[in-house]
Structures are given as C-alpha cells and as structure tokens.
Amino acid sequence: MDTLPPPDSGSAAVPLTSRQLRELYSLMVAVRHLDSSAVAWQRQGIIPGYAPELGQEAAQVGSGYAVDLARDFVFPTYREMGVARAMGVDMVAYMATHKATWHGGLYDPIESRLAPIQAVVAGSVLHAVGWAHGQTLAGRDGVAMSYFGDGASSQGDVHEAMNFAAVMKAPVVFFVQNNGWAISVPADRQVAGGSVAARAGGYGIPAIRIDGNDVVAVFEATRRALAHCRAGNGPVLVEAMTYRRGPHSTSDDPGRYRSLAEERDGAGADPLERFRQRLLADGTADEAFFAAAMADAKAEEEEIRAGIQALGPRPGEEMFSLVFQETTPVLQAQAAIWREESEHV
Amino acid sequence: MSNAIVESGATVRHGAEEGGPGENGREQLSMQQALNRALDEVLAESPKTLVFGEDCGRLGGVFRITDGLQAKYGETRVFDTPLAESGILGMAVGLAMAGFQPIPEVQFDGFAYPAINQIVCQIGRMNYRSRGTLPMPITLRVPSFGGIRAPEHHGESLEALFAHVPGLKVVSPSNPHEAYHLLKYAATRPDPVIFMEPKSRYWQKDGVDVSHGGSPTGAKVMRPGRHLTLVAWGAMVGRCLQVADLAAEDGVDVEVLDLRWLKPIDAETLATSVRKTRRAVVVHEAPLTSGLGAEVAQLITQGCFDTLKAPVERVTGFDVPYPSGDLEDEYIPNIDRILNGIQRVLEYRRG
C-alpha cells in the first residue's frame with residue numbers, strides 16, 4: 001500500500017551512496033549486538049530489565065537514519081534503542097533508563113532531538129502532533145516522528161492524534177512498527193482490518209506500508225514521508241511490517257503464547273543477514289568490512305557496558321528538585337525531612 | 001509561604017460604574033470579564049502564549065471566557081480544536097515541548113476525565129522525566145464546581161484528584177479580582193497549573209483592582225474574625241462570607257480564609273488563622289471522603305493541636321454522584337449547613 005504522492009523534488013529520491021549503505025549496516029550490527037548484550041546484562045544482574053528490539057533493526061535504524069537532527073524531533077516508546085543509536089544519542093545515557101537510573105533516560109532531549117523514553121503505550125503520539133503544530137505556528141520546517149506499534153494502535157489517543165494532525169495539517173510522521181505482537185496478543189487479534197496503514201485513509205492521511213525488514217526500503221519511505229510533511233502537506237503514516245523476534249521484555253516468556261515454529265515462520269528472514277547478502281551481492285561491502293563492523297560493535301558495547309556499570313544512582317535530592325521548575329514550600333519541607341531522617345544531611 | 005493578606009474590604013459591592021475605575025482604583029467586572037481581560041493581556045505580553053480548546057475560537061467559549069480573543073490575536077494564537085480532551089491536553093504537552101505556553105481549556109470539569117491520562121502521566125511528569133529540560137508551562141482552565149443546574153458531568157469538583165498528582169499545582173479564584181490576578185500569575189508560570197474557575201460566579205460583578213493584586217501565592221484572609229475560621233475556595237468563599245455576615249448578627253465573629261492555592265496549600269496562613277480563632281470549619285462542594293477538607297483538617301490539627309477548642313469540622317458535598325439540578329441545592333453546602341457546622345464546633349465540649 002502506498003498512497004503517498006511522489007516527492008516534488010528529486011532530493012527525496014536520490015539513491016543511498018555506498019558509504020551510506022555501509023553506515024546503515026554498521027548501525028544495524030551495533031544495534032543488534034548492543035540489544036542482545038543488554039539481554040545478557042540483565043541475566044548477569046547489570047541491569048534489572050530490558051525491552052529487546054531483536055528483529056526490528058532495519059525498521060529502527062532505517063527510519064532513525066532519515067531524521068534531520070537539525071530540524072526534526074522524535075517521540076520514542078520504550079523499545080526504540082535502534083532509533084536512538086541511529087540518531088547518535090549517547091547510549092549510556094539512553095540505556096540508563098534500563099539501569100533504572102532515571103525513567104526518561106539521562107540524555108538531553110533537546111540536544112539529541114529525542115523525547116524522553118515513554119512508558120505509556122501511545123502516550124507520546126499526541127505530543128508529536130502538538131510539537132509538529134508548533135512548527136507550523138513558528139514558521140519552522142521541522143517534522144515530528146512519532147513511533148508506536150500495532151498494540152498502541154488500539155489506543156484512543158492514536159485516533160485523536162491522527163484526527164488532530166489531519167485537521168491541522170501538522171507535519172508529523174506516524175511511524176508504526178507492526179511487529180506482530182503486543183506482549184502475548186498477535187496483531188490479528190489487535191488490529192481490526194489487519195492494517196494500521198489502511199486506517200490513515202479515513203483521516204485523509206497518505207500512508208505507505210513497507211517491508212520493515214528491508215532497511216533501504218524503510219529509509220526511503222521515511223525520507224519520502226519527511227519530505228512530504230516538510231513541504232507543508234500535513235501528516236503521513238508509515239507502517240513498517242516487522243517481527244518482534246525476542247520476548248516483550250526480559251521478564252516475558254514467549255513460549256507461553258507462541259511456538260518456535262510459529263516464531264520462525266512469522267519472523268521470516270533476518271533483516272541483518274538479508275542486508276549483508278545484498279551488500280555482498282552488489283559489491284558494496286566485503287567480508288573484511290563485515291568483520292570490522294562486528295569488531296566495532298563489540299568495542300562499542302564494551303564501552304557502553306562499562307559506562308552503565310560505572311553509573312551510580314542519582315542523588316536522592318533530584319526526587320524533589322526536578323518535580324517543578326519552581327519548587328513549593330511543601331516539597332522543600334518533605335525534602336528536608338527526607339535528608340534528616342535518611343541521614344543524607 | 002507566609003503571604004496572608006488581610007483584606008477587610010475584599011467584598012466591595014458598591015461604588016464603581018460598570019467597566020470604569022471606581023473608588024480605590026477598582027473596576028466593576030464579572031469574573032468572565034476579569035478572566036477574559038487576563039487572557040487578553042497574557043496573549044499581548046507573551047507571543048508564546050496560545051489559547052485553545054473546544055469552541056474557544058470563533059465562539060469565544062461556551063462561557064465566553066475567550067470572547068473576542070481570536071479576532072484580536074488570530075487563528076494561530078487562539079484556536080478551536082477537535083472535540084477530544086485527551087487530544088487537547090496531549091497536544092498541549094507537545095506545544096510546551098516546542099517552547100510555547102499553552103492555555104488549554106476543557107469545557108467543563110467532567111470533561112477533564114477523558115484527559116486524565118495526559119494530565120497525570122504526561123503533564124505532571126514531563127519536567128521530572130526530562131530532568132527539567134522540558135518544562136510544562138501549561139495552564140489548564142477548567143470551568144468547575146456546581147450550582148448552575150447543568151447536565152450530568154458539568155458540576156464536578158476535581159481539586160482533590162488534581163492535588164494528589166505530583167507535578168501539578170492547583171488554584172481556584174473566588175471572585176473577579178482574584179480571577180484576574182491568579183490567572184495572570186498562573187499563565188506565566190513555568191509549571192503546570194490546574195485553574196479551577198467557579199462557573200456559578202462567572203456572571204457576578206465585583207471590584208477588580210488591576211494594578212494592585214497583592215501576593216499571587218498562598219491563602220488570603222477575606223474577612224478577619226476572632227471566634228472561628230471558615231476555610232473555603234472557589235464559589236464557597238462567597239457563601240462563607242454570607243454566612244459570616246449572618247453569624248455576626250448572633251455575635252459570632254467568623255474569619256473567612258480563601259485557600260486560593262489548593263496545591264501547594266499555604267499551611268502557615270491556615271495555622272496562623274486557626275491559632276487565633278482556635279476553631280475551624282472547612283467547606284467544599286466535593287464529596288466528603290478523601291476530599292481536600294481532610295487534608296486541610298490535618299494541616300490545621302498539625303499546626304494548632306495545642307490550641308484547638310474542637311475537632312475541625314467539614315461541611316461538604318456528599319459521597320454521591322453529583323445530582324441533577326433539582327437536587328443540587330441539597331448537595332452543595334448551603335448557609336444552614338455551614339451555620340450548623342459552625343454551631344457544632346462552637347458547642348463542642350471535651351469529654
């Protein structure tokens with residue numbers, strides 16, 4: 001499905017260079033390795049929990065790579081590590097949320113162009129619409145990227161967001177990763193009609209449904225969507241069809257709701273391996289490059305793990321001082337009692 | 001917070017010609033006019049301010065609080081939204097993240113319920129979650145409380161619900177003067193404020209001194225007295241002032257404290273008043289159980305236990321769904337019920 005008009009200018013249709021293709025691959029390897037390592041960190045007691053994105057590397061890296069960090073702003077869920085990495089977010093600061101250091105992560109949202117990690121399903125979709133409308137009001141050409149999944153598409157806020165965005169012609173890309181599962185509930189028992197993209201038509205929003213495991217297709221669709229929004233044409237919906245190959249979180253047990261055979265059939269070909277074969281086939285990269293990318297990914301993961309392990313708890317004072325911009329006497333009094341009684345004086 | 005203001009003349013009901021400055025520099029304005037003027041001035045003073053909600057634009061709001069503002073400031077600054085409260089508040093979050101100062105409206109108190117997820121999980125927490133990098137300078141205007149024979153869900157008192165949410169501040173004006181100054185103050189704060197407007201007072205005129213508002217924070221003594229403190233907010237302040245007049249005829253000198261800020265509560269001014277009068281009755285429209293009256297009573301007990309002559313009494317709505325118009329006078333604390341509450345406290349004997 002593709003109801004998005006072709007781009008006005010050629011800029012959104014320029015093929016990726018070999019350097020960019022290799023960069024996408026390196027990012028996917030880094031994300032794959034960090035993601036699987038984070039599951040291991042949880043098993044080793046380094047972090048208390050993690051929500052893996054195994055299998056969604058192409059959808060996340062391809063879309064995050066298309067974001068213009070000078071203008072756009074991204075609204076993630078709690079499963080957007082690949083997007084964050086592709087955007088160049090400080091990964092120790094990002095993974096700090098999974099270390100239980102600070103809910104929203106420790107990165108600066110303004111600098112990194114990534115809103116704080118959002119734990120409410122569909123919680124930030126409306127924020128993207130508001131931020132996007134703000135660009136219109138301020139005469140700027142930034143685009144909001146709103147990430148959510150097939151499960152979140154059931155939330156009423158998604159309807160409100162798509163309706164508001166269409167009425168106001170807000171420059172927002174609704175980027176849906178349909179990974180087939182909302183914890184234990186499959187998409188066919190979640191998404192009536194079978195397609196989130198099909199719903200966009202009801203709002204008059206153009207939509208593209210793509211192979212979310214093809215990183216180049218994801219990048220190109222996202223780039224087109226961003227260009228459409230940036231040109232003042234209103235919102236776009238991209239539905240990237242992918243598969244959550246791992247558990248919902250490190251506390252989940254997919255064996256209770258899907259068999260290994262179902263998992264294998266549903267997941268299809270591994271997006272990373274697919275891309276590797278393609279780069280090999282067209283001569284864009286060779287085995288030496290893949291080996292180097294893997295070595296870089298390992299070095300990066302070790303550095304991030306060291307950073308996470310070195311990360312101590314935030315000062316308890318921040319519980320109080322970060323609630324408001326202008327604190328209240330009541331909160332100050334509670335902080336004083338906490339300091340005294342917890343012997344943090 | 002030590003900013004009690006004794007305003008013996010707070011209930012000026014005489015003097016000025018309509019619309020013009022009267023004696024003591026006061027203008028006679030309805031609360032609707034006072035709120036409208038406050039919004040007008042905030043829009044003029046800060047280009048980052050936006051006013052929006054259902055019917056806030058062309059119509060000027062169902063209560064006309066935003067009357068004329070779209071014509072004056074244009075459709076980008078004052079606009080109608082689709083009819084969905086979660087959308088309005090969720091959008092306000094994004095606009096705040098983009099650097100704007102949103103002043104959204106939910107048309108009636110009961111319509112805040114569909115937006116609770118955004119108010120509680122997002123507006124109240126974004127500053128904290130983002131470690132202070134994404135402040136939420138959102139002032140949510142909520143026409144509140146009962147008393148106008150309205151349909152179901154148009155007469156709710158949500159202050160205890162909002163006050164319980166970390167990250168929110170809550171305020172309610174009791175008269176046009178307070179409405180003007182508190183809205184101007186709230187709308188220029190960097191934190192989210194739930195602004196509860198007593199809709200039954202929208203059309204009552206009273207003196208507004210636009211150039212002398214006094215402190216915009218804390219509670220305010222609206223009438224000094226010696227024998228007992230009536231604590232109230234919103235529409236109940238006016239009723240308590242009436243009660244105080246009636247009690248005076250029986251020689252009971254009642255102090256009326258307008259709490260104004262329901263979060264944070266000005267515990268110091270509350271204690272100062274009750275340490276003097278040694279008796280207190282809290283009056284609110286919301287249901288009794290877990291109402292804000294319980295919080296107020298505890299703060300008084302904490303601050304005045306040694307000198308209290310009687311347990312703090314509560315005169316409130318009942319633990320029932322807000323009733324139909326025919327029964328709302330049975331529900332909202334009336335003069336007789338407040339006088340009875342006063343009597344129970346005055347007649348209380350230990351043992």
Side-chain angles (χ1 to χ4, degrees), chain A residues 73 75 102-111 115-120 122-140 142 144 146 155-157 159-161 163-168 170 172 314 318-319 321-333, chain B residues 1-2 47-48 50 52 76-77 79-100 102 114-115 117-118 120-122 124-137 166-169 189-192 217-218 261 263-268 299:
Chain A
F73 206 86
F75 296 78
W102 198 260
H103 285 314
L106 288 175
Y107 56 92
D108 182 330
I110 304 280
E111 264 180 36
I117 289 155
Q118 176 65 245
V120 176
S124 65
V125 186
L126 282 160
H127 307 171
V129 178
W131 188 91
H133 188 58
Q135 305 312 293
T136 308
L137 296 181
R140 295 192 288 256
S146 170
Q155 290 278 350
D157 271 7
H159 159 66
E160 294 190 22
N163 188 52
F164 272 59
V167 165
M168 297 179 174
V172 47
R314 300 303 306 166
E318 288 186 350
M319 283 196 295
S321 64
L322 293 173
V323 178
F324 293 115
Q325 292 281 314
E326 293 178 338
T327 191
T328 66
V330 176
L331 211 44
Q332 285 174 312
Chain B
M1 221 182 275
S2 151
K48 290 288 183 187
L50 305 173
F52 54 93
T76 56
R77 309 262 329 264
F79 55 92
D80 292 319
T81 65
L83 205 168
E85 290 77 12
S86 191
I88 294 167
L89 275 302
M91 191 174 169
V93 172
L95 284 163
M97 290 169 80
F100 290 90
N117 183 31
Q118 286 294 334
V120 174
C121 300
Q122 307 300 338
R125 293 183 189 217
M126 191 59 82
N127 185 74
Y128 189 77
R129 185 185 296 142
S130 72
R131 304 177 52 74
T133 61
L134 296 170
M136 291 286 112
L168 300 180
K169 296 173 182 179
R189 305 272 46 85
D191 292 310
T217 60
W261 287 88
K263 187 180 185 183
I265 292 178
D266 181 358
E268 201 174 313
L299 288 170

Could you tell me which portion of [X] (side chain, backbone, both or neither) has an atom closer than 4.5 angstrom to a non-hydrogen atom of chain B?
| X | answer |
| --- | --- |
| Ala138(A) | both |
| Glu160(A) | side chain |
| Ile117(A) | backbone |
| Met319(A) | both |
| Gln118(A) | side chain |
| Val323(A) | both |
| Tyr107(A) | neither |

With only heavy atoms counted, which part of [X] is less than 4.5 Å from chain A, the side chain, the backbone, both or neither?
| X | value |
| --- | --- |
| Met136(B) | neither |
| Leu50(B) | side chain |
| Asn127(B) | both |

Distance flag, aromatic centroids of Phe100(B) and Trp131(A), threshold under 6.0 Å: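 No; Phe100(B) has its ring centre 6.0 Å or more from that of Trp131(A).
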Any donor-acceptor pair under 3.5 Å from Gln118(B) side chain to Gly123(A) backbone: yes
Backbone of Leu331(A) reached by a side-chain donor or acceptor of Thr328(A) within 3.5 Å: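 Side chain of Thr328(A) to backbone of Leu331(A): a pair is present.
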Check: Asp108(A)/Thr133(B) side-chain N/O donor and acceptor closer than 3.5 Å: no
Any donor-acceptor N or O pair under 3.5 Å, side chains Gln325(A), Arg189(B): no
Residue pair Tyr128(B) / Glu318(A): nearest heavy atoms and the distance that separates them: CE1-O, 3.7 Å
Among the listed options Asn163(A), Val129(A), Val330(A), Asp157(A), the residue most often paired with chain B at heavy-atom distances under 4.5 Å: Asp157(A)
Contacts of type ring pair (Phe, Tyr, Trp, His ring centres under 6.0 Å), residue Phe79(B), not counting sequence neighbours: His133(A), Phe52(B)
Residue of the set Leu134(B), Leu95(B), Val93(B) for which side chain to side chain contact (heavy atoms under 4.5 Å, CB included) holds with His127(A):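 Looking at Leu134(B), Leu95(B), Val93(B), the match for His127(A) under the side chain to side chain contact (heavy atoms under 4.5 Å, CB included) is Val93(B).
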